[in-house]
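Worth knowing before you read on, the calculation uses all heavy atoms, side chains too, and leaves out hydrogens, waters and symmetry mates. Remember, it's a predicted structure, so these values are computed and weren't measured experimentally. We number each residue from 1, following the sequence as shown.
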Amino acid sequence: MQKAAIYHRPESEFAYLYTETELRIRIRTALDDIATITVGYGDPYDWQDGTWQKEADLSMHKTLATDVHQYWEASLTAPHARLNYGFILTDTAGYQVFFGDQGFEELTVDESDTDAGLMGANNYFKMPFFQEIDRFKAPDWVKQTIWYQIFPERFANGDTSNDNPGTLPWNPDDNPDRDHFYGGDLRGIIDHLDHLVDLGVNGLYLTPIFEAPTVHKYDTVDYLEIDPHFGTKADFKELVEAAHQRGMRVMLDAVFNHIGDQSPQWQDVLANGADSKYADWFHVHEFPARYTATDEFEYAVDANYDTFAFTPHMPKLNTANPEVQAHLLHIATYWVEEFDIDAWRLDVANEVDHHFWKRFHTELKKLKPDFYILGEIWTSAQAWLQGDEYSAVMNYAFTGSIVDYFAKQSISLEKMVSNLNSQLMLNRDQTNQVMYNLLDSHDAPRILTVAKDNKDLVRQMLTFMFLQQGTPDIYYGTEYAMTGEQDPDNRKPMEWRPEKQDHAMYAFMQQLIALRKTYQPTLSEGNLVWELDTDQQIVSFTREINATKLIATFNTGNAPYTLPNTPGTLVSSQLLTDNTLAPFGFAVYAQSL
């Protein structure tokens, strides 16, 4: 038995309340090492004649596995909302141990003998009380949402009267520079809401719309004003109301890590140095604040103040300062109270202190208990996903493995599945159900370009992603097969010319979104079981809950693959002929159990 691989941590993703009354338990072991695990449990105050009474033993079931670890799960309830619990592990050779809060104990007596030392209450893990206030509560509506990300300056120009000087003609064939303006605005989004309804999406994510000099608006001047080239507050209010009338939620982008160097606060620091009333709003190491200008606008290594990356035009905010906290919390609540937005996406979220995010969470949840808080974190994010900061993060760490395997072919099939499982096991189930899954964005090359213009591959990847836990995202223009390299090429003007649009891709996206909505409970909450054929590069999995089961098979190899059987009703497919999948093909079946 590889004891060093055995791991459990109480009050974490290994032991958490899923509902008010259900405690979900996980334990990790070495792969192919343990034959069975039972969890023994009982009320911590159930003593008779000086001996603690274990209530029952429950067999745990194997769940997901990585390349080195196996995970096991069980679900417990308690009549008095409190539990002791511990694990009895039997390895493949029949050797048994008890594993509890004080570590391992040899099983030298019959496990039903509650008077034995290993069964004493002191060596049991505890859930002291089922504290509902501490339970991670994911907004239920997010599980039912298909997001559509819009980069406002490049989506649609609905009002030419507010264009920037030098605005270029709308041309999706351009390869834009970072400082090219095309006139996209809020009116353009309003004008195309029915397009999004027709597509089937029901969540809008807008990158920053606040006053800022750049195309991308991540260098905010005033968080309380709409950028005048995007429109007015009246326009935004109309947009939110029109979206809500169509069943769409609206998520704005908040940049609370840094601010633009044209903001009045930073300008005051430049003018008054250490005497500025905003001097402690930033991390200035020596006054006056300065840097050496170079030909590269966004890069300066010698700035004597902290910035986002090495961008001297984005000085980092001191979010430990109570005045900064108050200012940012006012901004965060203002757009909820005045305009009824449903979510914030938080830029560079892991570079802001946890103390601030906990206050942020508290204030937003007071206004809207089902408010969605999404952090931009590209790696594992457990520290922010304990239920008192974010609802979820942009799931680059998860979906990046999909891109690496399907499109870049930089990892093996086994490694992709191991990576996906590893990420899922980092979080509580309700967290995974609302993670923000995406294949591309304004910060990543368009997926069709990454796939070297192979549309069959893109459809295969999108389907694979839509069948995973989490809430899926579509980057604007994907429905029309837009291309683009890394920023700024991935931010081309939206393709609105009917003769240039890929209508077959649009129809496919409609069908994929409809599939997701039809089987949303199964895809959000259903169990996941993988089956791999590494010789032929076939990846299959099932998603099952209650009376519904989905079976999906993807041919990622170079040869046709004949399905062993027809497991149910075919609900989606590509390149499937007479039960045979061509390369880049997939088949999704549904069963009623």
Can you tell me if [X] uses its side chain to pair, donor with acceptor, with the backbone of [Y] under 3.5 Å?
{"X": "Gln149", "Y": "Leu206", "result": "no"}
{"X": "Thr478", "Y": "Ile474", "result": "no"}
{"X": "Tyr475", "Y": "Leu438", "result": "no"}
{"X": "Ser524", "Y": "Pro521", "result": "no"}
{"X": "Asn432", "Y": "Leu424", "result": "yes"}

Give a yes-or-no answer on whether the side chains of [X] and [Y] include a donor-acceptor pair shorter than 3.5 Å.
{"X": "Trp72", "Y": "Thr29", "result": "yes"}
{"X": "His69", "Y": "Asn421", "result": "no"}
{"X": "Tyr148", "Y": "Glu479", "result": "yes"}
{"X": "Ser401", "Y": "Asn419", "result": "yes"}
{"X": "Gln382", "Y": "Asn427", "result": "no"}
{"X": "Asp473", "Y": "Tyr436", "result": "yes"}
{"X": "Gln53", "Y": "Tyr45", "result": "no"}
{"X": "Tyr405", "Y": "Thr556", "result": "yes"}
{"X": "Gln2", "Y": "Asp91", "result": "no"}

Exercise for review: Please report the closest heavy-atom contact between Glu20 and Phe130, naming both atoms and the distance.
Suggested key: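 Between these two residues, the closest heavy atoms are O-CD2, 3.8 Å.
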Point to revise | Least distance between heavy atoms, Leu17 atom then Arg135 atom | key: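 Closest pair (atom of Leu17, atom of Arg135, distance): O-CG, 3.3 Å.
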Practice item. Please name all residues satisfying ring-ring contact (aromatic ring centres under 6.0 Å, His included) with Phe104, sequence neighbours left out, ordered by chain then number. Key: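 By the ring-ring contact (aromatic ring centres under 6.0 Å, His included) rule, Phe104 matches Phe99.
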Point to revise | Contacts of type ring-ring contact (aromatic ring centres under 6.0 Å, His included), residue His354, not counting sequence neighbours | key: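 If we apply the ring-ring contact (aromatic ring centres under 6.0 Å, His included) test to His354, skipping adjacent residues, the hits are Trp384.
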Should [X] and [Y] count as an ion pair when the cut-off is N to O under 4.0 Å?
{"X": "Lys137", "Y": "Asp140", "result": "no"}
{"X": "Arg428", "Y": "Glu13", "result": "no"}
{"X": "Lys54", "Y": "Asp46", "result": "no"}
{"X": "Lys126", "Y": "Asp101", "result": "no"}
{"X": "Arg24", "Y": "Glu22", "result": "yes"}
{"X": "Glu55", "Y": "Arg82", "result": "no"}
{"X": "Arg26", "Y": "Asp429", "result": "yes"}

Whether over 12 other heavy atoms sit under 6.0 Å from [X] [atom1]:
{"X": "Tyr334", "atom1": "OH", "result": "yes"}
{"X": "Glu531", "atom1": "CD", "result": "no"}
{"X": "Lys358", "atom1": "NZ", "result": "yes"}

Would you indicate whether the side-chain heavy atoms of [Y] and [X] approach each other to under 4.5 Å?
{"X": "Trp141", "Y": "Tyr372", "value": "yes"}
{"X": "Met251", "Y": "Ile341", "value": "no"}
{"X": "Met1", "Y": "Ile34", "value": "yes"}
{"X": "Arg543", "Y": "Asn527", "value": "no"}
{"X": "Gln70", "Y": "Arg28", "value": "no"}
{"X": "Phe464", "Y": "Phe554", "value": "yes"}
{"X": "Tyr589", "Y": "Thr569", "value": "no"}
{"X": "Met60", "Y": "Phe87", "value": "yes"}

From [atom1] ([X]) to [atom2] ([Y]), nearest 0.5 Å:
{"X": "Thr333", "Y": "Glu337", "atom1": "OG1", "atom2": "CD", "result": "4.5 Å"}
{"X": "Thr431", "Y": "Leu385", "atom1": "OG1", "atom2": "CG", "result": "6.0 Å"}
{"X": "Thr399", "Y": "Asp440", "atom1": "OG1", "atom2": "CG", "result": "9.5 Å"}
{"X": "Leu523", "Y": "Leu515", "atom1": "CG", "atom2": "CG", "result": "7.0 Å"}
{"X": "Ile538", "Y": "Thr553", "atom1": "CD1", "atom2": "OG1", "result": "8.0 Å"}
{"X": "Ile551", "Y": "Leu467", "atom1": "CD1", "atom2": "CG", "result": "11.5 Å"}

**Study point:** Test side-chain contact (heavy atoms from CB on, under 4.5 Å) applied to Tyr71 and Ile27, Thr66, Leu31, the passing residue
**Key:**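 Going through Ile27, Thr66, Leu31 one by one, the side-chain contact (heavy atoms from CB on, under 4.5 Å) with Tyr71 is satisfied by Thr66 alone.
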Check your understanding: Quick check, are the ring centers of Phe14 and Tyr7 under 6.0 angstrom apart?
Key ->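 Yes - the distance between ring centres of Phe14 and Tyr7 falls below the 6.0 Å cut-off.
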Practice item. Could you check whether the rings of Phe356 and Phe360 sit parallel, tilted or perpendicular, using 30° and 60° as the cut-offs? Key: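 Ring orientation, 0 to 90° scale: tilted.
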Review point. Among Phe125, Phe98, Tyr124, whose ring pair (Phe, Tyr, Trp, His ring centres under 6.0 Å) with Tyr85 holds?
Key: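 Answer to the ring pair (Phe, Tyr, Trp, His ring centres under 6.0 Å) test with Tyr85 among Phe125, Phe98, Tyr124: Phe125.
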Point to revise | Qualifying residues under side chain to side chain donor-acceptor pair (under 3.5 Å), relative to Thr471, sequence neighbours excluded | key: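 Per chain and number, Thr471 pairs via side chain to side chain donor-acceptor pair (under 3.5 Å) with Trp147.
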